Amino acid sequence: MANFLATDKRTHYCGNLNISHAGKEIILMGWSHRRRDHGGVIFVDLRDREGMVQIVFNPDSGEAVHGEAHKIRNEFVLAVKGTVLKRPQGMENPALKTGEIEVIVSELEIMNESKTPPFSFDEEDISENVRLKYRYLDLRRPALQQNLFLRSKLAAATRNYFDKNGFIEVETPFLTKSTPEGARDYLVPSRIYKGMFYALPQSPQIFKQLLMVSGFDRYYQIVKCFRDEDLRADRQPEFTQIDVEMSFITEEDIIKIMEGLMAQIFKVCLDRELKLPFPRLTYHDAVNRYGKDNPDTRFDIELVDITSIVSNSGFKLFQEVVAAGGIVKAIKLEQASGLSRKDLDELKDYVAVYGAKGLAWARINATDWTSPIYKFLRPEEVEKINKAMGAKESDIIFFVADVPRVVNDSLGNLRLHLAKKLNLFKPDDLAFNWITEFPLMEYSDSEKRYVSMHHPFTSPVLEDVALFNSQPGKVRARAYDLVLNGSEIGGGSIRIHRKDLQAQVFKVLGLSNEEARSKFGFLLDALEYGAPPHGGIAFGLDRLTMIMTHAESIRDVIAFPKTQKAACLLSDAPSKVSIEQLMELSLKIV
RNA sequence: GGGGUCGUAGUUAAGUUGGUUAUAACGCCGGCCUGUCACGCCGGAGGGCGUGGGUUCAAGUCCCAUCGGCCCCGCCA
């Protein structure tokens, strides 16, 4: 039998062949995707990362090759030498990219056999536990391969952009120090220092600031980060950030350069032009108008505050909620006659998840409403609400009355839910928004103190520093998030570079000097040695890839992801370790 | 920590109010077939229903517990 690698190199990828190769002798290597053995002529769809091509074994082109071809089964690894030919008249397959041509095989080597795969790569709905256990086979699916190719392109475009703009990529340690604020750390026991632990970084935050102190001026890194928190469709315990930090800049510089990055990424990866600059929303406006600080603005349903209209409502419940300091807000769905009474009632369950105790609705008619609460409302209230909502016949209004957090959460998520259900946006729509003027800190009920919203090194807006003691919750941060299609894809801030201001912030956060020293001492020291004004941002590379590939799960853009319980079904991690390993680390399982 | 949902041949699913040897399609194996492309035709093998208890004359079907996949709340500076 032929022994290809000893003498021949692959000349083409299967999927790249076309009519222009007709007549050429070529060498292909790939997997037999499917075989159609007619006893005489045998067809095999040969697949590689670029696609598939039909290869043909004719009995008259040699008994040895034809005999060997009979042994081919699905997923065998084949090398073939053959000639590209235009397919006979009427034999073209328009469903196949290479369907105009085929390869008549003259030499065949079965480089490896394969067990029958546990699932078909053509089938879409294979249960995820099977897919994840055989991830290396799952990754043979063209769709998943395309996602990873795009991810690679995205990373390359990013490196290219930063390199051209004078940034330096610096690696920062994975074995580092646990910092108590923020997410739960993944810990790594130290063998040399018994009872002590490294932590895997939640982000390279402090190190990139130190690099600014060192004078690198423009830093970036595509880097893994680790957070030991529960998983979601868009959250994995290890994920990848595009991490950036710059010196001698303001918010405007960062925003401008990052808009350039996004434009470059979308141009290179998807050949799409972005409209710059991106719109901006303050945190306050985002929450008021969309109920969330990561608003999806691909469709224009907005929350309307009708508290003042119903503060004295004939509907007792509204009145009581307002009297207790709550608010009443509403959203309007235009021309929503498609929703049945049953649909409307079921939406109550949807908002209940966010703490809403009810969901009132009103169907707008020419002269009145069809609504469970209509009979309670005074005519002038109805009129005012209609006006405030800009309601027209056949529209539906939804109301939630509760504390602001519940109202915004419920309606903010309901508008998303309805938009998806009613297809109010197109799959390719892109809506970027910068969210600015975040609060520097918010009061934590569980900790009974103010905590940083971003992180404790975020600079306050200087004119708000006067509010530190009187109204800490009103202090704005010099922080910004980038939101794309309702997904937070990045966030950052201008940092504090002066020790006195940093000390003030720690004080408001209730951190004593000693605590601050033990937690972030090395950063505080560094700030005393000529730290330049600096700031930065970090993007979630996985989430960005998800949006660009239309992936529904973050697992579809990660080669070897974890399950929702943070396990790897492929490698069976996490797993027990030997008693010897534990002893070496002075660890005992309790 | 909590809520929801799913778990039946290799895969995807069906399985009535509990009732003989648990269905189908695809895949797999064997045979036939020189133009198919989800090739076709003929034949065959393969599971005891995630796991462990329980109720019952009788359990994929009912009950309890438990494990696992997915979605969500909390959590994620």
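Every chain is numbered from 1 and lettered A, B, ... according to where its sequence line falls, protein lines coming before strand lines. Being a predicted model, the structure only gives us computed values, none of them experimental.
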Original post:
Can you name the nearest heavy-atom pair linking A:I435 to A:D293, along with the distance?
Top reply: CG1-O, 3.4 Å
**OP:** Classify the glycosidic conformation of B:rG48 as syn or anti, calling it syn when the angle lies within 90° of 0.
**Re:** syn
**OP:** Quote, to the nearest angstrom, the C1' distance that separates B:rG15 from B:rA22.
**Re:** 8 Å
Original post:
With both distances under 3.5 angstrom, what nucleotide forms a Watson-Crick or G-U wobble pair with B:rU17?
Top reply: none
**OP:** State the pairing partner of B:rU66; accept Watson-Crick or G-U wobble contacts with both distances under 3.5 Å, and report none otherwise.
**Re:** B:rG50
Original post:
So, is A:R36 close to the B:rC33 phosphate, meaning a side-chain N or O under 4.0 Å from OP1 or OP2?
Top reply: no
Subject >> Polar contact flag, side-chain donor to acceptor under 3.5 angstrom, A:Y350-A:N413 >> reply: no
Subject >> Whether A:H33 side chain and A:M52 backbone form a donor-acceptor pair below 3.5 Å >> reply: no
Subject >> Protein-nucleotide distance (A:E92, atom CD; B:rC37, atom P), rounded to Å >> reply: 14 Å
Subject >> A:W31 CH2: over 12 foreign heavy atoms closer than 6.0 Å >> reply: no
Original post:
Once you round it to whole Å, what is the distance between C1' of B:rG10 and CG of A:D122?
Top reply: 15 Å
**OP:** Counting heavy atoms from C-beta on, name the nucleotide in B:rC37, B:rC28, B:rC72 closest to the side chain of A:T116.
**Re:** B:rC28
Original post:
Is B:rG44 in the syn range, within 90° of 0, or in the anti range?
Top reply: anti
Original post:
Contact class for A:S452 (heavy atom, under 4.0 Å): base, sugar-phosphate, or nothing?
Top reply: sugar-phosphate
Subject >> side-chain N/O A:N74 vs B:rC28 OP1/OP2, d < 4.0 Å >> reply: yes
**OP:** Measure from NE2 on A:H455 to P on B:rC76 and round the result to the nearest Å.
**Re:** 16 Å
**OP:** Using the P atom on both, measure B:rG19 against B:rG1 and round to a whole Å.
**Re:** 38 Å
Subject >> Gap in Å between the two C1' atoms, one belonging to B:rG10 and one to B:rC49, rounded >> reply: 16 Å
Original post:
Counting side-chain heavy atoms from CB outward, which of B:rU11, B:rC75, B:rG35 is closest to A:I126?
Top reply: B:rU11
Original post:
Just checking A:P117: base, sugar-phosphate only, or nothing, at a heavy-atom cut-off of under 4.0 Å?
Top reply: nothing
Original post:
Phosphate oxygens OP1/OP2 of B:rG69: is one of them under 4.0 Å from a side-chain N or O of A:T563?
Top reply: yes
Original post:
Out of B:rA38, B:rC76, B:rG69, which nucleotide sits closest to the side chain of A:A567?
Top reply: B:rG69
Original post:
What nucleotide among B:rC37, B:rG35, B:rG30 has an atom nearest to a side-chain atom of A:D45?
Top reply: B:rC37
**OP:** Indicate, with a heavy-atom threshold strictly under 4.0 Å, whether A:R87 touches base, sugar-phosphate, or nothing.
**Re:** base
Original post:
Taking the P atom of each, how far is B:rU51 from B:rA59, in whole Å?
Top reply: 15 Å
Original post:
What is the distance from CD of A:E124 to P of B:rC70, rounded to the nearest Å?
Top reply: 18 Å
Original post:
When you match A:S127 and A:R184 each to their closest nucleotide on RNA chain B, which lands nearer the 5' end?
Top reply: A:S127
Subject >> Smallest separation among heavy atoms of A:I101 and A:K86, with atom names >> reply: CG2-CA, 4.1 Å
**OP:** Answer with yes or no whether the side chains of A:T545 and A:R543 bring together a donor and an acceptor at under 3.5 Å.
**Re:** no
Original post:
To the nearest Å, how far apart are A:R235 CZ and B:rC71 C1'?
Top reply: 13 Å
Original post:
Looking across every strand, which nucleic acid part, if any, lies under 4.0 Å from A:V451 by heavy atom: base, sugar-phosphate, or nothing?
Top reply: nothing
Original post:
What does A:Q236 touch in the nucleic acid at a heavy-atom separation under 4.0 angstrom: a base, only the sugar-phosphate, or nothing?
Top reply: nothing
Original post:
Of the candidate nucleotides B:rU36, B:rU11, B:rC75, which contains the atom at the shortest distance from the side chain of A:E102?
Top reply: B:rU36
**OP:** Would you indicate what A:R232 reaches in the nucleic acid, counting non-hydrogen atoms under 4.0 angstrom: base, sugar-phosphate, or nothing?
**Re:** base
Original post:
Between A:D185 (CG) and B:rC76 (P), how many Å, whole number?
Top reply: 13 Å
Original post:
Taking for each residue the nucleotide of RNA chain B bearing the nearest heavy atom, is the 5' side occupied by A:P118 or by A:N58?
Top reply: A:P118
**OP:** Mind calculating the distance between CD (A:Q564) and P (B:rC72) to the nearest angstrom?
**Re:** 7 Å
Original post:
Should A:F522 and A:L210 be marked as a side-chain contact (heavy atoms from CB on, under 4.5 Å) after you check the CA-CA gap, both sets of side-chain angles, and the distance that decides it?
Top reply: CA-CA 9 Å; A:F522 59 116; A:L210 296 179; 3.9 Å; yes
**OP:** Look at all strands and tell whether A:E123 reaches a base, only sugar-phosphate, or nothing, counting heavy atoms closer than 4.0 Å.
**Re:** sugar-phosphate
Subject >> Contact summary for A:L28 and A:H12, nearest pair of heavy atoms >> reply: CD2-O, 3.3 Å
**OP:** With C1' as the reference atom in both, quote the distance from B:rA14 to B:rC37 in angstrom, rounded to an integer.
**Re:** 30 Å
Original post:
Paired with B:rC75 by Watson-Crick or G-U wobble geometry, both distances under 3.5 Å: which nucleotide is it?
Top reply: none
Original post:
Base, sugar-phosphate alone, or nothing: which one does A:N93 contact when heavy atoms must sit under 4.0 Å apart?
Top reply: base
Subject >> Pairwise P distance, B:rG18 and B:rC57 [rounded to whole Å] >> reply: 15 Å
**OP:** Verify side-chain contact (heavy atoms from CB on, under 4.5 Å) between A:L200 and A:V188, making sure each step is shown before the conclusion.
**Re:** CA-CA 7 Å; A:L200 303 179; A:V188 179; 3.8 Å; yes
Subject >> Nearest listed nucleotide, side chain of A:D409, among B:rA38, B:rC37, B:rG74 >> reply: B:rG74
Original post:
Which part of the nucleic acid does A:P59 contact within heavy-atom distance under 4.0 Å: base, sugar-phosphate only, or nothing?
Top reply: base
Original post:
Taking any strand in view, what nucleotide pairs with B:rU56 in a Watson-Crick or G-U wobble way, both distances under 3.5 Å?
Top reply: none
Subject >> Rounded distance in Å - CD1 (A:I101) to P (B:rC37) >> reply: 18 Å
Original post:
Base, sugar-phosphate, or nothing: which does A:T458 touch, judged by heavy atoms less than 4.0 Å apart?
Top reply: nothing
Original post:
A:D60 near the nucleic acid: base, sugar-phosphate alone, or nothing, with a heavy-atom cut-off under 4.0 Å?
Top reply: base
Subject >> Per A:F43 side chain, nearest of listed nucleotides B:rU36, B:rC29, B:rU11 >> reply: B:rU36
Subject >> Between B:rG40 and B:rG4 - C1' atom distance, rounded Å >> reply: 46 Å
Original post:
Does the side chain of A:T172 come under 3.5 Å of the side chain of A:Q221 through a donor N or O and an acceptor N or O?
Top reply: yes
Subject >> Atom P, compared across B:rC26 and B:rG68: separation rounded to whole Å >> reply: 35 Å
Original post:
Is A:R555 near enough to B:rC71 that one of its side-chain N or O atoms lies under 4.0 angstrom from OP1 or OP2?
Top reply: yes
Subject >> Per-pair stack call A:H38 and B:rC39, 5.5 Å, 30° >> reply: yes
